[in-house]
Colleague: 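Dropping a structure here in structure tokens format, bear with me for questions.
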Amino acid sequence: MVYYNDMDYYLGIDVGSTASKCVVVDASGEIVARGLHPTGAGTVGPRACVDEALAQVPDLPSADDVASSCATGYGRHLEAWTTMQMSELSCHAKGAAHLFEGVRTVIDIGGQDAKVLSLDEGGRLVDFVMNDKCAAGTGRFLDVMAGVFGCAVANLSELDREATEIAAISSTCTVFAESEVISKLAAGTPIPNIVAGVHESVVERTHGLAKRAGVTPNVAMTGGVALNDSLRERLERRIGLPVATSPLAQFAGAYGAALHACGQGGNA
Amino acid sequence: MPPTLPLLEHAEGDLGYSSDLCAYARISLAYADVGACPNGERDMPLPDFVLCCNNICNCMMKWYENLGKHLGIPVIMIDVPYSNDYDIDEKRIAYVGAQFRAAIKQLEEITGKTWDEDKFQEVCRRSSECGRLWLEAASYTNYKPSPVNGFELFNHMAVATVARGREESVDAFRMLIDDYRSFVANNESNWHAPENHRIMFEGIACWPYLRATLTPLKEAGVNTTAMVYGPAFGLTYRTFDEMVEAYCSVPNAVNLERSVELRKQVGAAGKIDGGLVHINRSCKMWSGFAPELARRVSADLGVPMITFDGDQADPRNFSEAQYQTRVEGLVEIMESTGKGA
Ligand code: SF4
């Protein structure tokens with residue numbers, strides 16, 4: 001049993017490899033503020049996302065005023081000011097369990113890694129599989145590809161919708177795939193078709209990871225890549241199940257961390 | 001710089017071997033070319049002949065053939081096929097046994113010495129005694145709490161691996177058992193951390209990162225009380241045929257069902273709450289079946305088994321931060337699902 005004061009706030013920060021996210025919840029676990037900065041561990045990102053979130057809560061002048069805080073993500077150990085640090089696995093699981101009702105499989109594609117989490121009926125993490133040491137199939141892979149296309153990563157989803165066919169990207173290696181994309185561009189293949197191929201290659205890799213962990217519905221997707229609707233829909237078709245997402249998908253880790261700090265949802 | 005790195009680079013650069021080749025092979029082939037350790041330590045004399053047994057993997061065959069060619073020395077090959085059956089049948093023992101007998105002839109020719117059956121029996125006896133003692137020492141991790149830091153077995157196993165036939169090894173393991181026995185009697189342990197959880201470590205150790213792989217476990221109070229790799233070198237046999245059978249029964253030579261059974265036995269004996277599985281970039285043989293092995297052991301023992309990427313000898317193929325996250329995830333699962341003390 002956790003006793004808390006109605007006026008208390010709890011802060012979670014997810015310091016990833018390419019972005020920092022912060023979520024503040026109240027004593028009932030409701031999100032009251034959030035912040036995001038597009039730089040990760042070892043940069044101004046963590047501070048900036050906390051400041052952005054705190055600015056939205058008038059009665060929270062500084063991070064010292066929260067009742068408890070929890071850091072997660074790749075750079076969690078650098079945030080020594082927080083009350084606790086937990087792995088992104090448990091935090092994503094908890095965040096997703098609160099964002100998506102009845103979720104049993106969470107597919108998280110972040111900047112630098114991809115992971116599939118298996119949750120039990122109570123929303124507890126029971127197993128996970130992570131990608132091997134390779135950027136293929138992660139947010140970084142899409143960043144590199146967007147760079148080749150000369151577009152923002154946020155536009156990839158729209159471009160995919162214009163595809164008339166899929167220009168297959170066979171390689172699973174970021175560097176090889178990049179040269180494959182360049183040669184397809186040089187051969188005059190329309191960009192939307194190549195984008196569709198790039199998305200399919202991410203889907204293929206993610207699907208392999210998901211199969212290893214085992215896919216139990218409901219399935220949800222978190223992490224920055226979850227905002228890419230075209231890719232997520234391709235994943236749905238490949239898995240054969242609906243893959244839920246949320247505008248807060250990128251904040252799942254920070255939200256879970258805040259809930260851990262608050263002792264909500266009970267098993268940590 | 002890790003001392004193996006210059007040898008790995010020499011194998012890949014000067015000798016032109018692929019970095020996908022097992023790092024043991026790359027280091028050995030580079031050493032054969034350079035003839036010295038890069039850090040000036042522990043030089044070994046180069047061999048007059050090589051004796052290769054492929055019971056652990058087929059990479060060995062080309063590796064040793066190339067050593068033979070490079071050094072201009074004879075290669076004796078003993079082919080031990082992977083066993084698709086659970087048990088080792090008589091045909092297999094006859095096939096492998098005949099090769100051992102042929103190897104004896106070849107060795108007599110190469111060395112000018114004659115086979116001494118009495119001496120063989122003596123070494124067999126000592127070797128088996130050594131294997132038995134090693135298994136006994138390793139079994140002390142089964143006590144709960146364990147009197148032993150399980151990672152210590154990675155150090156002691158060297159004796160069982162390379163010096164099983166020597167009297168000093170028998171003495172060394174007797175001393176080790178005496179130490180462990182007195183730990184139990186006095187309620188002591190050389191695991192100087194809480195033992196909140198007990199796990200199985202599956203696969204070859206990450207030798208260049210023994211400390212880095214142990215530290216996060218120690219900090220989280222996770223002792224390694226089960227493994228197959230170390231005790232695998234505790235072979236016991238009394239006759240020639242039993243020796244051949246032992247060669248056919250090493251972990252990489254037996255089928256998946258038997259591999260699973262072995263893990264389940266050591267896992268249950270070690271009273272594990274979870275497991276860490278090393279997906280070893282060098283060792284395709286072991287890593288290839290590791291995910292399925294882990295899946296079955298996890299399902300049958302009802303404990304989480306988590307994989308991490310690494311390499312037994314190539315320091316470039318391991319990331320401390322990634323390892324740490326996986327260990328933390330495993331610990332959080334064991335804690336949230338009530339596994340462990
Ligand atoms: S580590 Fe694996 S690949 Fe290398 S020699 Fe041993 S069994 Fe073969």
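By convention in this document, chain letters (A, B, ...) are assigned in the order of the sequence lines, proteins followed by strands, and residues within each chain are numbered from 1.
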Colleague: In terms of heavy-atom proximity below 4.5 Å to chain A, should B/Thr307 be classed as side chain, backbone, both, or neither?
Modeller: side chain
Colleague: Do A/Arg76 and B/Thr325 have side-chain heavy atoms sitting under 4.5 Å apart?
Modeller: yes
Colleague: May I ask you to check whether over 12 heavy atoms, not counting those of A/Phe251, lie within 6.0 Å of atom CZ?
Modeller: yes
Colleague: Are the side chains of A/Asp127 and B/Ile306 in contact, using a 4.5 Å heavy-atom criterion?
Modeller: yes
Colleague: Between B/Gln324 and A/His77, is there a side-chain heavy-atom distance shorter than 4.5 Å?
Modeller: yes
Colleague: How many angstroms lie between atom CZ of B/Arg295 and atom CZ of A/Arg212, to the nearest 0.5 angstrom?
Modeller: 12.0 Å
Colleague: Heavy-atom pairs under 4.5 Å with chain B: which of A/Ala93, A/Ser87, A/Gly214 has the most?
Modeller: A/Ser87
Colleague: Can a salt bridge be assigned to the pair B/Glu332 and A/Lys94 using a cut-off of 4.0 Å between side-chain N and carboxylate O?
Modeller: no
Colleague: Quick one: which residue pairs count as a salt bridge (Lys or Arg N to Asp or Glu O under 4.0 Å) with a foot in residues 34-48 of chain A, not counting sequence neighbours?
Modeller: A/Arg47-A/Asp51
Colleague: Do B/Arg326 and A/Phe128 touch side chain to side chain, with heavy atoms closer than 4.5 Å?
Modeller: yes
Colleague: Work out which heavy atom in A/Leu125 is nearest to a heavy atom in B/Ser336; give both atom names and the distance.
Modeller: O-OG, 3.7 Å
Colleague: Restricting to non-hydrogen atoms, name the atom on B/Gly329 and the atom on A/Leu89 that form the minimum distance, rounded to 0.1 Å.
Modeller: CA-CD1, 3.5 Å
Colleague: Let me know if B/Glu292 has heavy atoms under 4.5 Å from chain A in its side chain, its backbone, both or neither.
Modeller: neither
Colleague: Is B/Leu330 in contact with chain A via its backbone, its side chain, both, or neither, using a 4.5 Å heavy-atom distance?
Modeller: backbone
